[in-house]
Amino acid sequence: MTNNFLPFALPEIGEEEIAEVVQALRSGWVTTGPKTKQFEADFVQYLGGGLEAIAVNSATAGLHLGLEALGIGPGDEVITTTHTFTATAEVIRYLGADPVFVDADAATLCIDVDAVERAITPRTKAIIPVHFAGRAADMPRLLAVALAHGLKVMEDAAHALPTTCDGQLIGTLASDVTVFSFYANKTITTGEGGMLVTRNPEIAKRARVMRLHGINRDAFDRFTSKAPSWYYEIVAPGFKYNMTDIAASMGIHQLKKADLFQQKRAHIAALYDRALAQLPLILPPHAASGDIHAWHLYVTQLREDAGVARDTFIERLFDQGIGCSVHYIPLHLQPYWRDSYRLTPSMFPASQEIFERTVSLPLYTRMTEADVDRVVAAVKVALRP
Ligand SMILES: *Cc1c(COP(=O)(O)O)cnc(C)c1O
C-alpha cells in the first residue's frame with residue numbers, strides 16, 4: 001500500500017467552525033443553549049420557513065423521536081427499504097413495532113413505490129423512504145400512496161442536504177417528519193448530530209419534550225431566566241437526545257457552506273461521470289431533470305462484462321491506496337433482520353443485485369481534481385482482467 005492513502009470520506013472544517021466552538025467552550029455554556037437555538041433557527045430559514053427544526057445528537061435519535069411522536073408502537077408495521085443503513089429500521093424496533101422491508105428500485109436505488117403499495121396491510125402505520133446517496137426518492141408517488149391509505153411518512157434524509165424533489169427542498173415536502181444527519185461523513189457535519197424537521201406543531205412539541213427526559217422546559221430556559229425557575233414537570237419517560245452547543249457551533253457554519261459543498265460534490269461527480277463513462281461500470285443515477293442531488297455518495301456498480309468480482313475490485317483499489325466502501329450490505333442479509341423476519345435474497349432481487357456489484361468511490365469536498373484522476377487511474381488498473 002502507498003503512503004498517501006486517499007480516504008473514502010473526509011469532513012471539511014474551517015476556521016469559522018473552530019472559532020465558534022472555542023467561543024462556546026469559553027462561554028461557560030456547553031450543552032443545549034443559544035448556539036443550538038441559533039442552529040435550529042438558521043436551519044428553518046435555510047428550508048424557507050413555515051416549519052420547526054429540533055436539533056438532536058444523531059439522526060438515529062431524530063428518527064426515533066419522529067416515530068415516537070407519530071404514535072408508532074407494538075403491533076404496528078412500518079414499511080422501509082432493505083437498501084439502507086440499519087438505523088433507518090432499528091428505530092422501528094425501539095418502539096416495539098415491526099419493519100416491513102421492501103426492495104429498492106434498480107433505476108434510482110431508492111425505495112420501490114410499487115413494492116410499498118404491495119406491502120401495505122391493515123397493521124401498516126407509516127413509511128420511511130431514504131433519499132439514497134442524496135438523490136430524492138419518488139416522493140410525489142409515495143406521498144400519494146400514503147394519503148390514499150392514511151399512512152404517515154417520515155423521510156430518512158441522512159444523505160439529502162441539500163436535495164430537491166420537483167424543485168422543493170427535502171424537508172419542505174408534505175411528509176410528517178424529515179430527519180437529517182450530521183455524522184462525520186455526511187454532507188455537513190457536527191461530529192455527531194441530526195435535525196428533525198416537521199410542519200406539525202404537535203409533533204414538534206412532543207419531539208422537543210422527548211428529546212430531553214420528557215421535561216416540559218429545557219435546561220437553558222430553567223437556568224437562565226430571570227424568575228426563580230427551579231420547577232419543572234416530567235410528562236413522559238423521555239430520552240437524552242439533545243444536541244450540545246459545541247456541536248451546534250460547528251453546524252451553524254457548516255450549514256452556511258451547504259450549497260457550496262453541494263456544488264463541489266456535484267463537480268467531482270461530473271468529473272467521475274465523464275472519466276468513467278467508457279468503462280464497464282453502471283454509473284450513479286442522476287437527479288430528475290432540474291433537481292438537486294446532494295451527492296453524499298458516488299455509488300457505481302460493476303457491469304456483468306467487467307470481468308472482475310466486486311470484492312477483488314475493492315482489494316485492487318485498496319492496494320493502490322484508494323479507500324472505497326459498499327452502500328449498503330442490505331438489511332435482508334444482516335443476521336438480526338434476516339433471522340427475525342425470515343428474509344431471503346429472492347425477496348429483494350434489485351437490492352441483492354446492486355449489493356453484489358456495488359462500490360462507492362471517494363467523494364468529498366476536499367478532493368482535488370488530481371485526487372479524482374488518481375481514483376480513475378486506479379479504477380482502470382483494477383478493471384484489468
Ligand atoms: C448516517 C445514516 C443514518 C444515521 O445517522 P446518525 O446521525 O449517524 O445517527 C441513518 N440513515 C441513513 C441512511 C444514514 O446513512
Side-chain angles (χ1 to χ4, degrees), residues 8 56-105 109-112 115-116 118-121 123-133 137 151-159 177 179 181 183-186 192 194 196 210 237 239-241 296-297 299 310-311 314 324-360:
F8 171 70
V56 285
N57 58 12
S58 72
T60 307
L63 292 165
H64 185 193
L65 290 177
L67 279 191
E68 200 276 341
L70 291 174
I72 303 302
D76 294 339
E77 289 176 354
V78 178
I79 299 173
T80 192
T81 169
T82 188
H83 211 80
T84 187
F85 184 57
T86 194
T88 313
E90 73 191 26
V91 296
I92 302 166
R93 294 295 303 131
Y94 289 0
L95 293 159
D98 294 307
V100 173
F101 295 104
V102 301
D103 205 355
D105 176 330
L109 316 183
C110 294
I111 196 165
D112 177 340
V116 169
R118 289 193 297 271
I120 293 170
T121 76
R123 286 171 58 196
T124 309
K125 290 284 157 35
I127 309 169
I128 311 180
V130 179
H131 304 298
F132 186 85
L151 306 176
K152 305 292 186 190
V153 175
M154 177 170 77
E155 295 169 67
D156 180 337
H159 302 179
V177 178
V179 181
S181 174
Y183 179 67
N185 71 359
K186 297 290 164 51
E192 299 280 358
L196 182 158
M210 297 306 280
F239 308 104
K240 188 69 203 294
Y241 284 167
H296 165 52
L297 300 171
V299 177
R310 189 270 315 277
D311 295 2
I314 289 181
C324 44
S325 192
V326 168
H327 296 91
Y328 287 95
I329 305 169
L331 298 182
H332 66 260
L333 296 179
Q334 296 292 0
Y336 171 73
W337 299 115
R338 179 194 68 205
D339 298 346
S340 304
Y341 293 94
R342 299 207 187 108
L343 307 175
T344 62
S346 65
M347 298 161 77
F348 310 95
S351 172
Q352 182 68 27
E353 171 144 4
I354 297 161
F355 165 65
E356 288 171 8
R357 300 174 177 284
T358 200
V359 181
S360 301

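All residue numbers in this chain count up from 1 along the given sequence.
Taking His296 as the reference, nothing meets the side-chain hydrogen bond (donor to acceptor under 3.5 Å, both in side chains) condition, with sequence neighbours excluded. By the side-chain contact (heavy atoms from CB on, under 4.5 Å) test, Thr344 pairs with Ser346, Met347, sequence neighbours left out. Not counting sequence neighbours, the partners of Lys125 by the salt bridge (charged side-chain N to carboxylate O under 4.0 Å, His left out) test are Asp76. Partners of Phe8 under the side-chain contact (heavy atoms from CB on, under 4.5 Å) rule, at least two apart in sequence or in another chain, are Leu297, Ser325, His327, Ser360. Glu356 pairs by the salt bridge (charged side-chain N to carboxylate O under 4.0 Å, His left out) definition with nothing, not counting sequence neighbours. With sequence neighbours left out, the salt bridge (charged side-chain N to carboxylate O under 4.0 Å, His left out) criterion links Glu68 to Arg206. Under the rule for a side-chain hydrogen bond (donor to acceptor under 3.5 Å, both in side chains), the partners of Thr82 that lie at least two apart in sequence or sit in another chain are His332. Under the side-chain contact (heavy atoms from CB on, under 4.5 Å) criterion, Thr86 pairs with Glu90, Leu331, Trp337, not counting sequence neighbours. Residues meeting the salt bridge (charged side-chain N to carboxylate O under 4.0 Å, His left out) test with Asp98, sequence neighbours left out: Arg93, Arg123. The ring-ring contact (aromatic ring centres under 6.0 Å, His included) check on Phe239 picks up His64, Tyr241, with sequence neighbours excluded. Contacts of Asp103 classified as side-chain contact (heavy atoms from CB on, under 4.5 Å), with partners at least two apart in sequence or in another chain: Phe348, Pro349, Ala350, Ser351.
Val102 and Ala115 make their closest contact through CG1-O, 3.7 Å (heavy atoms, listed as atom of the first residue, atom of the second, distance). Minimum heavy-atom separation, Ala137 to Pro129: CB-CB, 4.3 Å. The two residues Gly62 and Leu196 have their closest heavy-atom pair at O-CD1, 3.4 Å. Closest approach of Cys324 to Ile314, counting heavy atoms only: SG-CG2, 3.9 Å. Heavy atoms only, all atoms of each residue included: Pro99 and Ala97 are closest at CD-O, 4.0 Å. Nearest heavy-atom pair, Ala133 versus His159, reported as atom, atom and distance to 0.1 Å: N-ND1, 2.9 Å.
Put simply, CG on Leu65 and OH on Tyr94 are 11.0 Å apart, with the number rounded to the nearest 0.5 Å. Of the inter-residue distances, the one linking Leu109 atom CG with His131 atom NE2 reads 14.0 Å to the nearest 0.5 angstrom. Distance check, rounded to the nearest 0.5 Å: CE of Met154 to CD1 of Ile72 gives 8.5 Å. In this structure, Tyr328 OH and Gln334 CD are separated by 12.0 Å, a value rounded to the nearest 0.5 Å. Expressed to the nearest 0.5 Å, how far OG1 of Thr80 lies from CZ of Phe101 amounts to 7.0 Å. Ile120 contributes atom CD1, which lies 5.5 Å from atom CD1 of Ile127 (distance to the nearest 0.5 angstrom).
Thr358 places no side-chain N or O within donor-acceptor distance of the main-chain N or O of Phe355, the cut-off being under 3.5 Å.
Taking 4.5 Å as the limit, every side-chain heavy atom of Thr121 sits out of range of all side-chain heavy atoms of Val100. Side-chain contact between Ile92 and Ile128: present, with at least one pair of heavy atoms (C-beta onward) separated by less than 4.5 Å.
Under the 30°/60° scheme for interplanar angles, the aromatic rings of Phe132 and His83 are found to be tilted.
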Side chain to side chain contact (heavy atoms under 4.5 Å, CB included) between Thr88 and Thr81, worked out: CA-CA 9 Å; Thr88 313; Thr81 169; 5.5 Å; no
Given side chain to side chain contact (heavy atoms under 4.5 Å, CB included), test Leu333 with Gln352 step by step and report yes or no. CA-CA 9 Å; Leu333 296 179; Gln352 182 68 27; 3.7 Å; yes
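Counting only residues at least two apart or on different chains, no salt bridge (charged side-chain N to carboxylate O under 4.0 Å, His left out) pair has a member in residues 324-351.
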